[in-house]
Engineer: 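Could you have a look at this structure, given as structure tokens, before my questions?
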Amino acid sequence: MDQSQNASHEAGQAKCQAQEKASGLMEKAGNTAQSAKESCQETTQQVKDKAQGAADAAKSAVGANK
């Protein structure tokens with residue numbers, strides 16, 4: 001292999017490695033986004049549950065659950 005072929009080969013390898021790395025980063029970003037979404041959904045449900053508990057307690061305190 002002469003120098004230009006070798007340089008071309010190395011450039012092609014570097015390009016493939018960069019694409020693989022970018023693909024891995026995109027996958028990690030997607031996983032992070034999914035985790036954040038799930039965390040927000042869990043937090044929202046917890047807030048709803050607490051609000052419902054507080055509303056039920058308030059109703060009980062004023063006798064509205066009869």
Side-chain angles (χ1 to χ4, degrees):
M1 220 185 265
D2 67 17
Q3 283 184 333
S4 67
Q5 288 176 324
N6 191 32
S8 178
H9 177 74
E10 288 178 9
Q13 283 186 322
K15 180 181 178 185
C16 287
Q17 289 173 351
Q19 287 174 334
E20 287 176 14
K21 185 174 182 178
S23 177
L25 291 172
M26 291 299 290
E27 184 177 345
K28 285 181 183 178
N31 290 342
T32 300
Q34 182 64 30
S35 293
K37 179 182 175 185
E38 290 170 3
S39 178
C40 285
Q41 288 172 338
E42 289 173 11
T43 300
T44 300
Q45 188 60 49
Q46 289 171 354
V47 169
K48 285 180 181 179
D49 291 346
K50 286 181 182 180
Q52 184 62 53
D56 291 344
K59 287 178 184 177
S60 293
V62 296
N65 268 351
K66 295 180 181 177

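Computed from a predicted structure; not experimentally measured. Starting from 1, each residue takes its place in the sequence as its number.
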Engineer: Would you say that more than 12 heavy atoms from the other residues, nucleotides or ligands in this model lie under 6.0 Å from the CD of E27, or not?
Structural biologist: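 No, not enclosed.
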
Engineer: Flag the pair Q41 / K37 as yes when at least one side-chain heavy-atom distance between them is below 4.5 Å, and no otherwise.
Structural biologist: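 Result yes, sub-4.5 Å side-chain heavy-atom pair found.
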
Engineer: With no hydrogens and no angle check, is any side-chain donor or acceptor of S39 less than 3.5 Å from a backbone partner on S35?
Structural biologist: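 Judged by distance alone, no pair lies under 3.5 Å.
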
Engineer: Please walk me through it: do Q46 and E42 pass side chain to side chain donor-acceptor pair (under 3.5 Å)?
Structural biologist: CA-CA 6 Å; Q46 289 171 354; E42 289 173 11; 5.5 Å; no

Engineer: Give, for atom OG of S8 and atom CD of Q13, the distance between the pair rounded to the nearest 0.5 Å.
Structural biologist: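 The CD atom of Q13 is 10.5 Å from OG of S8, to the nearest 0.5 Å.
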
Engineer: Donor-acceptor pair, distance only, cut-off 3.5 Å: does the side chain of S23 make one with the backbone of Q19?
Structural biologist: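 Side chain of S23 to backbone of Q19: no pair is present.
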
Engineer: Could you tell me the separation between the NZ atom of K28 and the CG atom of L25, rounded to the nearest 0.5 Å?
Structural biologist: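 Result: 6.5 Å between the selected atoms.
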
Engineer: Compare all side-chain heavy atoms of K21 with those of Q17 and state whether any distance is below 4.5 angstrom.
Structural biologist: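 Sidechains of Q17 and K21: no contact.
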
